[in-house]
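Lettering of chains follows the sequences in order, A, B, ..., and the numbering in each one begins at 1.
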Amino acid sequence: MNRIALVDCNNFFCSCERVFNPALQGKPVVVLSNNDGCIISRSEEAKAIGIPMGAPLHEQQEVIRKHGVHVFSSNYTLYGDMSARVMSILRDEVPAMEVYSIDEAFLQLPNNFSEEHARALRAKILQWTGIPVCIGIGSTKLLAKLANRHAKKNKALTGGVFDLTHYWDPDGIMAETPTDGLWGVGKNLALRLKGMGIKTALDFQHADPAAIRKSMGVVGERLFRELNGIPCLALEEMPPDRKGVMASRSFGSPVESLEELEEALANHVARASEKVRRFGLLVTRMEVFLQTNRFKKDEPQYSPGIGITLDRPTHSTSELMIAARTLLKRIYRPGYLYKKTGIQLVNLVDEDAYQPGLFDTPKSRIDVDKIVDELNRRLGDPKNPVITRASQGTERSASGGSERKAWKMKSERHSPHYTTDWNELPEAKG
DNA sequence: TCTGGGGTCCTAGGACCC
DNA sequence: TCTGGGGTCCTAGGACCC
């Protein structure tokens, strides 16, 4: 049987802070978002006193004072480093794995990997890094997630490890899991399911597939299959190419003038284009957006966005800045209090694949086959093409994107190099 | 007073083409 | 009454995730 484990670090950011400050063990700890606005990580003790995930800091000040909660600004350099340590331990354990996020990884388990192995692995990670993890095992990614959820929710009972593939009463687990406890089911889908009389994972598992398909499309069908042990989500050992890069920030106090917005945008363009260069990519489209304060219902709201397809792909900060300024002027209206602004760089192309002239006509239709031939001619031996066209109609639909999606550089497959960019994020304040 | 930032995928509708 | 139909590309917006 296919067995996948999901290893998930517990309260990751808080746990990281504790590694370097052991006196925090057993005490309530929270870590804040970028601008110290929201609580994005909570220790068990902080959860126990009722601090909700994502809560604005100012709403919790009372509780924090009363219980002596330790509050930290986020320190992504630290978290990125701790993450790398955990991942490198995991990498040595299994033939294949997918780093899913800063604090999670899916592992492809060998046949002989028992629950005891998982417990030993958990102990090793704790001993070597100081980070507690939970491990869930299932026959699909979604079921591994579900198993992990159970391991975490019943830590005293499970010891942080739960193997759904060998559990005697899987239906019992399904029955006690509400649909929105499933990976990929949020508030809205849960509501839709409820409308069909589906309240638990067990209901969902035994639902009518045709009805699911009709009401929730391919997303629903995929969830349904994964839940029934039919894998639809592959383990992605190599992270796919980045589709876009975004940079945005909220203002501490609202901003009104074009000049201030321009200054903020200059910052965003610098950060985002730096990232694009580091990935070895070029930008073909840029979008700029503004937002007034959505929480102030009584203030006039204006949250425009605008995009432009560039004449020619670039990763130059100054070129992108010119585009950003132009776009900003088109959407800027005086008289509003802007709370946030940002940019998105999208339709990214590989720098190495780009040859001047080939992509410079974004508005016209492009004959992909012709370009493939031309690129291969320029790159050398046409008998052994470096570039191939991805087959159309693969499982992940080939529709809905630019012609660039049809490209695959063969050489990419030989450079399984994955660097996270967390190190680039700002240091914690104070 | 104070309310994060960065992603992915899917769908629907319009423009355009033959 | 009934208005061609099938395809691609682009964009906006929704939903979800960490």
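- Taking the six-membered ring wherever Trp is involved, the centroid distance between the rings of A/F13 and A/F72 does not fall below 6.0 Å.
- Atom C1' of nucleotide B/dG7 and atom CD of A/E287 are separated by 14 Å, given to the nearest angstrom.
- In this structure, A/R225 pairs ionically with A/E221, as a charged nitrogen and a carboxylate oxygen lie closer than 4.0 Å.
- Taking the six-membered ring for Trp and thresholds of 30 and 60 degrees, A/Y338 and A/Y336 have ring planes inclined between 30 and 60 degrees apart.
- Summarising the geometry, the separation between CG on A/L32 and P on C/dC18 is reported as 20 Å, rounded to the nearest angstrom.
- Proximity of A/V245 to A/Q344: side-chain heavy atoms (C-beta onward) are nowhere separated by under 4.5 Å.
- The shortest distance between the side-chain N/O atoms of A/N188 and the OP1/OP2 oxygens of C/dC16 is below 4.0 Å.
- Taking the nucleotide of DNA chain B with the nearest heavy atom to each of A/V218 and A/I40, the more 5' of the two is matched to A/I40.
- Comparing A/E59 and A/Q344 along DNA chain B, the residue whose closest nucleotide (by nearest heavy atom) sits nearer the 5' end is A/E59.
- The separation between A/N35 atom CG and B/dG5 atom P is 5 Å, rounded to whole Å.
- Counting to the nearest Å, the P atom of C/dA15 and the CG atom of A/L223 are 15 Å from each other.
- Comparing the C1' positions of C/dG4 and B/dC16 gives an interatomic distance of 15 Å, to the nearest angstrom.
- Considering every non-hydrogen atom in both A/A105 and A/L90, the closest pair reads CB-CD1, 3.9 Å.
- Neither OP1 nor OP2 of C/dA15 sits under 4.0 Å from any side-chain N or O of A/R192.
- Regarding A/D298, its CG atom lies at a distance of 15 Å from the P atom of B/dT3, rounded to whole Å.
- What separates CG of A/D36 from C1' of B/dT1 is a distance of 15 Å, to the nearest Å.
- B/dC18 and C/dG5 make up a base pair, with Watson-Crick or G-U wobble contacts both under 3.5 Å.
- The interatomic distance linking A/R249 (CZ) with B/dG4 (P) rounds to 12 Å, in whole Å.
- Rounded to whole Å, the distance from CZ on A/F251 to C1' on B/dT3 is 16 Å.
- Of the side-chain N and O atoms in A/R242, none sit less than 4.0 angstrom from OP1 or OP2 of B/dT8.
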